[in-house]
There are 2 protein chains.
Amino acid sequence: MDKPIQTRALQTRARLLEIGRAHFMRDGVSGLRVEQIVAEAGVAKGTFFSHFGDKEGLLTLLIGERMTAALDRIAAAAPPDAPDEFATALAPLMAEMAPDAQTFDIVLRHSGATGTDEEGPIARNFLAQVEVLTGWIARLQPDAVRADADPALLAEGVQAFMAHAMALTFCALHSATGIDARLRPFLRTWLAPLPVR
Amino acid sequence: MDKPIQTRALQTRARLLEIGRAHFMRDGVSGLRVEQIVAEAGVAKGTFFSHFGDKEGLLTLLIGERMTAALDRIAAAAPPDAPDEFATALAPLMAEMAPDAQTFDIVLRHSGATGTDEEGPIARNFLAQVEVLTGWIARLQPDAVRADADPALLAEGVQAFMAHAMALTFCALHSATGIDARLRPFLRTWLAPLPVR
DNA sequence: TAGCGAAAGTGACCACGGTCAACTTTCGGA
DNA sequence: TCCGAAAGTTGACCGTGGTCACTTTCGCTA
């Protein structure tokens, strides 16, 4: 019924992860060769794939752990007091999500775009993002953030704008302005409280 | 100075495009093999790459021409009279942009995410989308659409939500509801006119 | 029309992710 | 302590995208 994982397998997996992490930190996504990792770990190619499914399987773990750390730090800090501060608060997370186009690509592909129960640390991170954002938003309603919409909907919208702003990073025309500067006008318009009637 | 393109090259290119289009229409992105196309066209592999750069070069042309056709049809039709009609009006375009995950992936990667001058029919389509949307929005301001924001910013925001809604299509949890149903609440909240003070 | 330079096309070759049938190791129970 | 089944591992093999030094074709001018 249960399937006990042998320590041998855990060790192999840990070794692959560690070596993969080293390569990822040094060269990013593009400089990660399965054959290289496998050679350094002293195992056969097939072993890699039996552990991670495919190359992206490892990458999602590596990217996911960085995203998790970033989000944890953000959640532990003081929540922003106004929509304008959202972008700055989220900047460290976005830096992990989109250090380069290939990474961002993987993040998007495994995002489950806010809300699948499907596996994966990236998808889980997106769910956690919504929770954090929802908390921030609910806390600021109704004075600093519009109260005529569901906080969860607003939170998802923030994610959509984050993706938009990150994508613009890889476009020559917009890469000059910082990512939070690009995000801010959208969030301001999206979250602005309705004028008092 | 000028570089006259030989008719021979044009014919080869046209043949590759035509065969590629046939495969794309039958099997989508995933069922497109460069070697197959090249064999049917009776040319060498290198010829393909000298014409399109890489496999995605051809795919962006094929996807781009479908997106262009869809957007042209939308632009020619009557503009929507309320935010709620945006989603329905845009549905045919979104169907071309995201018939499957792989296609959507390519679209995103070549979008220039609204606003690079960089080449490519997909990036150009994104620019054209903004123009169409800006027109729609400006037309409805200030009664049916909020007037406190720049129409271009609102248009870009619509694109961000479109991407979000399309991404949700490939997520088990959300694929049940139609894409326009998913998009509508966001657009309603994003574009809703401010209450009269 | 010979011949030259550039454009177009060729195909052997490579890189690299991924597969799978066979083999080895582990471990619980008889 | 031996056995069988399942977990773990192996590495030869494959598919496919992409490269590049070389050949062929074309248009032009002397």
Side-chain angles (χ1 to χ4, degrees), chain A residues 1-21 23-24 26-63 101-103 105-106 109-110 120, chain B residues 1-24 26-63 100-103 105-106 109-110 120:
Chain A
M1 197 66 192
D2 56 344
K3 38 176 181 176
I5 299 166
Q6 301 177 8
T7 48
R8 174 179 52 146
L10 288 176
Q11 283 171 353
T12 304
R13 188 191 169 87
R15 199 143 26 99
L16 289 169
L17 258 175
E18 187 180 0
I19 294 170
R21 190 180 295 120
H23 281 260
F24 178 66
R26 182 158 14 90
D27 308 321
V29 170
S30 57
L32 200 146
R33 296 287 113 85
V34 173
E35 284 183 330
Q36 177 75 20
I37 292 175
V38 149
E40 284 180 33
V43 299
K45 230 175 175 184
T47 303
F48 179 95
F49 291 99
S50 83
H51 275 285
F52 304 110
D54 56 13
K55 187 184 169 181
E56 280 202 6
L58 172 63
L59 284 172
T60 55
L61 293 180
L62 296 175
I63 297 169
Q102 294 90 24
T103 304
D105 208 60
I106 293 174
R109 203 170 320 118
H110 291 82
Chain B
M1 197 68 192
D2 56 342
K3 39 176 181 177
I5 300 164
Q6 300 177 9
T7 47
R8 174 179 53 145
L10 288 176
Q11 283 170 354
T12 304
R13 188 190 168 86
R15 198 144 26 99
L16 288 169
L17 259 175
E18 186 181 1
I19 293 169
R21 191 180 294 119
H23 281 259
F24 178 66
R26 182 158 14 92
D27 308 319
V29 170
S30 57
L32 200 145
R33 296 286 114 84
V34 173
E35 284 185 330
Q36 177 75 20
I37 292 175
V38 150
E40 285 180 34
V43 298
K45 230 176 176 183
T47 302
F48 179 97
F49 291 99
S50 81
H51 274 286
F52 303 111
D54 57 13
K55 188 184 172 182
E56 280 202 7
L58 172 63
L59 285 171
T60 55
L61 294 181
L62 296 175
I63 296 169
D100 54 73
Q102 294 89 24
T103 303
D105 208 60
I106 293 173
R109 202 169 324 116
H110 292 81

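In what follows, every chain begins at residue 1, and chains take the letters A, B, ... in the order their sequences are listed. Quantities reported herein were computed from a predicted structural model and do not represent experimental measurements.
For the atom pair CD1 of A:I37 and CZ of A:R15, the computed distance is 13.0 Å after rounding to the nearest 0.5 Å. A:F52 contributes atom CZ, which lies 9.5 Å from atom OG1 of A:T60 (distance to the nearest 0.5 angstrom). Rounding to the nearest 0.5 angstrom, the gap separating the CG atom in B:L58 from the CZ atom in B:F48 is 4.5 Å. Rounding to the nearest 0.5 Å gives a distance of 5.0 Å between CG of A:D105 and CG of B:D105. Atoms CG and CG, from B:L17 and B:L61 in turn, are 6.0 Å apart once rounded to the nearest 0.5 Å. Atom CD of A:E56 sits about 11.5 Å away from atom CG of A:L32, to the nearest 0.5 Å.
With a 4.5 Å cut-off on side-chain heavy atoms, B:I63 and B:T103 count as touching. A:L10 has its side chain within reach of A:I5: a pair of non-hydrogen atoms, C-beta onward, lies under 4.5 Å apart.
Note on B:H51: every side-chain N or O is 4.0 Å or more away from OP1 and OP2 of C:dA8. Contact annotation: B:T12 does not reach the phosphate of C:dA8 (side-chain N/O to OP1 or OP2, under 4.0 Å).
Checked by atom type and distance alone, the side chain of A:R33 pairs as donor or acceptor with a backbone atom of A:S30 at under 3.5 Å.
When rounded to the nearest whole Å, the span between CG of A:L58 and P of C:dG18 equals 11 Å. Rounded to a whole Å, the CG atom of B:L10 is 14 Å from the P atom of C:dA7. In this structure, CZ of B:F48 is placed 12 Å from C1' of D:dT16, rounded to the nearest angstrom. Put simply, CZ on A:R13 is 16 Å from P on D:dA7, counting in whole angstrom units. Between the C1' atom of C:dG9 and the CZ atom of B:R15 lies a distance of 11 Å, rounded to the nearest Å.
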What string of B, S and - do you get for nucleotides 11-17 of chain C 5' to 3' if you count protein non-hydrogen atoms under 4.0 Å?
B----SB
Nucleotide N/O to protein N/O under 3.5 Å, stretch nucleotides 23-25 of chain D:
none

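When the nearest nucleotides of DNA chain D are assigned to B:T7 and B:G53 by heavy-atom distance, the more 5′-ward of the two goes with B:G53.
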